[in-house]
Peer 1: 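One structure is given below, represented as structure tokens, and several questions about it will come after.
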Amino acid sequence: MTGAPGALDVDDIAARRERWIVWIVSACVFVSVVNTSMVNVALPTIGDHFNADEARVGWIVTIYALAFGVGTPFYGRLGDRYGLRRMFVIGLCVFVVASVLAGVAAGFGFLLACRALQAAGSAAIPSLGTAMIARAVPFERRGWALGLTSVAVGAGSALGPTLGGVLTQFASWRMVFLISALLGLLVPLTVRYLPEGPGSRRDGIDWFGGVTLGMTIAGIMLAVAGAQRQGPSSSFVLISVSVAILGAALTVWRQRVAPQPFVDHILVQNRRYLLLCAIGFCTMAGNIGALVITPFLFRDINGLSAGQIGLAMLPAAVAVAILSRPVGSLADRIDPFLLVIAGLVVTLAALSVMALVGIGWPVAAFALLAMFVGVGQALISAPLAVMLTRSVPQRAYGVGLGVFNMMFFVGSGFGAALSTATLAARRGAEQPLLPVYAGSAQFIEFSDAFIPCIALFALALALTLFARRAKPVAE
């Protein structure tokens, strides 16, 4: 009996340390999401300040997406090699320095460079943060922990546009960057409480494979951006697609010949992991596609201003923030696949109602439909992350989660480009693509623009059913 109090003390210390890890990572995720959404709101003001047109200002978004997409798997691989906490702290420091420099930038070119550096730092947060949570929190509580990070994403998405608008209007666009530098206050806590992880210094890093993977990501992201601004047949898009194809071919070749490739063999041989990555891509593409179309719908059909559009889209973000934590806890007690399937069904139902009959509805009614899309996202995000951490061996957590987050991020760009391209192509169309369409006859292009989103979620549902039957490769 004399050992019982000591055992309880050890358990209590471990539980407190778990909570510190989850809260610190969630706070970093929150700041990262808020930063992105704040900057998007400030883009017109930044353009006015530097006398830059929309095409030039758009590169503030593109360069961030490019650096973030390329950097995420690199941080994951370096985290497996040198330790997760070390690379996480380095990423935070890079983000903080870049935020300060962006806030005092005197020229547009320097601001672009700082924005790329911001993304290079922020790329460490999602994959390394999730990997540290997965290593520190046991299976039976992991859903709750990952649910809290999903709450941070929802809260950041809800608060960011409002905060960005207030800072830009009543202070300066520079404050949008400078306030993000407050993330530096968390650096001492990350050093003290986050687990280092053993690393694997014996293993070399396949830099050639990493570069070819980066070529693939960069080519895809630049092709998506170019298609939105210059059209899919422009020379810029064709060159970007060629770079992506060459990078993908070299990556596949390197994966076969390298003894220790950039992406661990155990991940490539893991059918469930590959299917989960595809599910993440499809769900993110479908969700962002719908999210990008909705503001245009509120503006063109309902005549809302920018501020009113933000309020109309707030319920969806609030639904994600409120539901993510209880859904994550539920994923600890039941099969997470069931929650993901439920989320996909809810989202498909909401999007189908939007596309078939919802076009032309009053603002409140359509905002309610959009809220159900947020409910579906909450049912998908944390359980999907739980399944991923259960399917990847610990020694490959960094690169495994890094590649997954890369697919997530690339999916967002793909979904936005696909839905906006469909909307533009269907402007002025006289007949809807859906034969049973019963919405407003004046705005059928919005119904057509939701069709790719529906198809992506339907594909994700089919992939989820396959993934549930697939078994991950044992370490």
Peer 1: At what distance, to the nearest 0.5 angstrom, does CG of L351 lie from CD1 of I293?
Peer 2: 11.5 Å

Peer 1: Before you tell me yes or no, could you show the steps for W144 and V22 under side chain to side chain contact (heavy atoms under 4.5 Å, CB included), namely the whole-Å CA-CA distance, both residues' side-chain angles and the distance that decides it to 0.1 Å?
Peer 2: CA-CA 9 Å; W144 164 83; V22 173; 3.9 Å; yes

Peer 1: Which heavy atom in F88 sits nearest to a heavy atom in L128, and how many Å separate them?
Peer 2: N-CD1, 3.6 Å

Peer 1: Please lay out, stage by stage, how L183 and L92 fare under the test side chain to side chain contact (heavy atoms under 4.5 Å, CB included).
Peer 2: CA-CA 7 Å; L183 188 59; L92 291 189; 3.7 Å; yes

Peer 1: Scan the side chains in residues 67-76 for donor-acceptor partners under 3.5 Å anywhere in the protein, sequence neighbours excluded, and list what turns up.
Peer 2:
{"unit_1": "T72", "atom_1": "OG1", "unit_2": "F68", "atom_2": "O", "d": "2.8"}
{"unit_1": "Y75", "atom_1": "OH", "unit_2": "A120", "atom_2": "O", "d": "2.7"}

Peer 1: Are the side chains of V363 and L304 in touch, meaning some heavy atoms are under 4.5 Å apart?
Peer 2: yes

Peer 1: Please check if atom CZ in F366 has more than 12 non-hydrogen atoms from other residues, nucleotides or ligands closer than 6.0 Å.
Peer 2: yes

Peer 1: Give the intermediate values and the outcome of side chain to side chain contact (heavy atoms under 4.5 Å, CB included) for residues L461 and F457.
Peer 2: CA-CA 6 Å; L461 180 58; F457 276 105; over 6 Å; no

Peer 1: With heavy-atom distances below 4.5 Å as the criterion, would you say the side chains of V39 and R115 are in contact?
Peer 2: yes

Peer 1: Do the non-hydrogen side-chain atoms of Y437 and I359 ever get within less than 4.5 Å of each other?
Peer 2: yes

Peer 1: Hey, can you pull the donor-acceptor pairs under 3.5 Å for the side chains in residues 209-218, sequence neighbours left out?
Peer 2:
{"unit_1": "T212", "atom_1": "OG1", "unit_2": "F208", "atom_2": "O", "d": "3.4"}
{"unit_1": "T212", "atom_1": "OG1", "unit_2": "G209", "atom_2": "O", "d": "2.8"}
{"unit_1": "T212", "atom_1": "OG1", "unit_2": "T251", "atom_2": "OG1", "d": "3.0"}
{"unit_1": "T216", "atom_1": "OG1", "unit_2": "T212", "atom_2": "O", "d": "3.0"}
{"unit_1": "T216", "atom_1": "OG1", "unit_2": "G247", "atom_2": "O", "d": "3.2"}
{"unit_1": "T216", "atom_1": "OG1", "unit_2": "A248", "atom_2": "N", "d": "2.9"}

Peer 1: Test your reading of the model: is there a side-chain donor-acceptor pair from R174 to the backbone of A105, 3.5 Å cut-off?
Peer 2: yes

Peer 1: For the residue pair W361 and L369, what are the closest heavy atoms and their distance?
Peer 2: CZ3-CD1, 3.6 Å

Peer 1: Answer yes or no: does atom CZ of F296 have more than 12 heavy-atom neighbours from other residues, nucleotides or ligands under 6.0 Å?
Peer 2: no

Peer 1: Considering non-hydrogen atoms only, spot the tightest contact between P383 and A378 and give its length.
Peer 2: CD-O, 4.2 Å

Peer 1: For residues S32 and F95, determine if any side-chain heavy atom of one lies less than 4.5 Å from a side-chain heavy atom of the other.
Peer 2: no

Peer 1: Could you measure the distance from the CG atom of L384 to the CG atom of L276? Nearest 0.5 Å is fine.
Peer 2: 6.0 Å

Peer 1: Looking only at heavy atoms, what is the nearest atom pair of I133 and A145, with distance?
Peer 2: CG2-CB, 3.7 Å

Peer 1: Side-chain donor-acceptor contacts of residues 447-456 below 3.5 Å, not counting sequence neighbours, with atom names and distances?
Peer 2:
{"unit_1": "S447", "atom_1": "OG", "unit_2": "A355", "atom_2": "O", "d": "2.6"}
{"unit_1": "D448", "atom_1": "OD1", "unit_2": "L433", "atom_2": "N", "d": "3.0"}
{"unit_1": "D448", "atom_1": "OD2", "unit_2": "R426", "atom_2": "NE", "d": "2.6"}
{"unit_1": "D448", "atom_1": "OD2", "unit_2": "R426", "atom_2": "NH2", "d": "3.0"}

Peer 1: Could you list the donor-acceptor pairs under 3.5 angstrom formed between side-chain atoms of residues 334-348 and any protein atom two or more places apart in sequence or on another chain?
Peer 2:
{"unit_1": "D335", "atom_1": "OD1", "unit_2": "F337", "atom_2": "N", "d": "3.0"}
{"unit_1": "D335", "atom_1": "OD2", "unit_2": "R468", "atom_2": "NE", "d": "3.0"}
{"unit_1": "D335", "atom_1": "OD2", "unit_2": "R468", "atom_2": "NH2", "d": "3.1"}
{"unit_1": "T347", "atom_1": "OG1", "unit_2": "G343", "atom_2": "O", "d": "2.8"}

Peer 1: N270 and S391: which non-hydrogen atoms are nearest, and at how many Å?
Peer 2: ND2-O, 2.6 Å

Peer 1: Please test V410 against M407 for side chain to side chain contact (heavy atoms under 4.5 Å, CB included), starting from the C-alpha separation and ending with a verdict.
Peer 2: CA-CA 5 Å; V410 173; M407 294 293 291; 5.7 Å; no

Peer 1: Heavy atoms, side chains only, cut-off 4.5 Å: are L117 and V94 in contact?
Peer 2: yes

Peer 1: Do F443 and E445 make a side-chain contact, defined as non-hydrogen atoms from C-beta onward lying under 4.5 Å apart?
Peer 2: yes

Peer 1: Going by the side chain to side chain donor-acceptor pair (under 3.5 Å) test, which pairs reach into residues 96-106, not counting sequence neighbours?
Peer 2: S99-Q118

Peer 1: Can you name the closest pair of heavy atoms from R77 and F262 and give their distance?
Peer 2: CD-O, 3.2 Å

Peer 1: Do M38 and S180 come close enough that some side-chain heavy atom pair is under 4.5 Å?
Peer 2: yes

Peer 1: How many angstroms lie between atom CD1 of I125 and atom CZ of F30, to the nearest 0.5 angstrom?
Peer 2: 12.5 Å

Peer 1: Can you list, pair by pair, the side-chain donor-acceptor contacts under 3.5 Å of residues 321-331, counting residues two or more places apart and other chains?
Peer 2:
{"unit_1": "S324", "atom_1": "OG", "unit_2": "V320", "atom_2": "O", "d": "2.5"}
{"unit_1": "S329", "atom_1": "OG", "unit_2": "R325", "atom_2": "O", "d": "3.3"}

Peer 1: Any side-chain heavy atom of C282 sitting closer than 4.5 Å to one from L463?
Peer 2: yes

Peer 1: Using 0.5 Å steps for rounding, measure from the CE atom of M387 to the CG atom of L146.
Peer 2: 11.5 Å

Peer 1: Could you tell me whether a side-chain N or O of Y273 sits under 3.5 Å from a main-chain N or O of G400, the two making a donor and an acceptor?
Peer 2: yes

Peer 1: In Å and rounded to the nearest 0.5 Å, what is the OG1 to CG distance from T130 to L401?
Peer 2: 6.0 Å

Peer 1: Once rounded to the nearest 0.5 Å, what's the spacing between atom OG of S122 and atom OH of Y64?
Peer 2: 3.0 Å

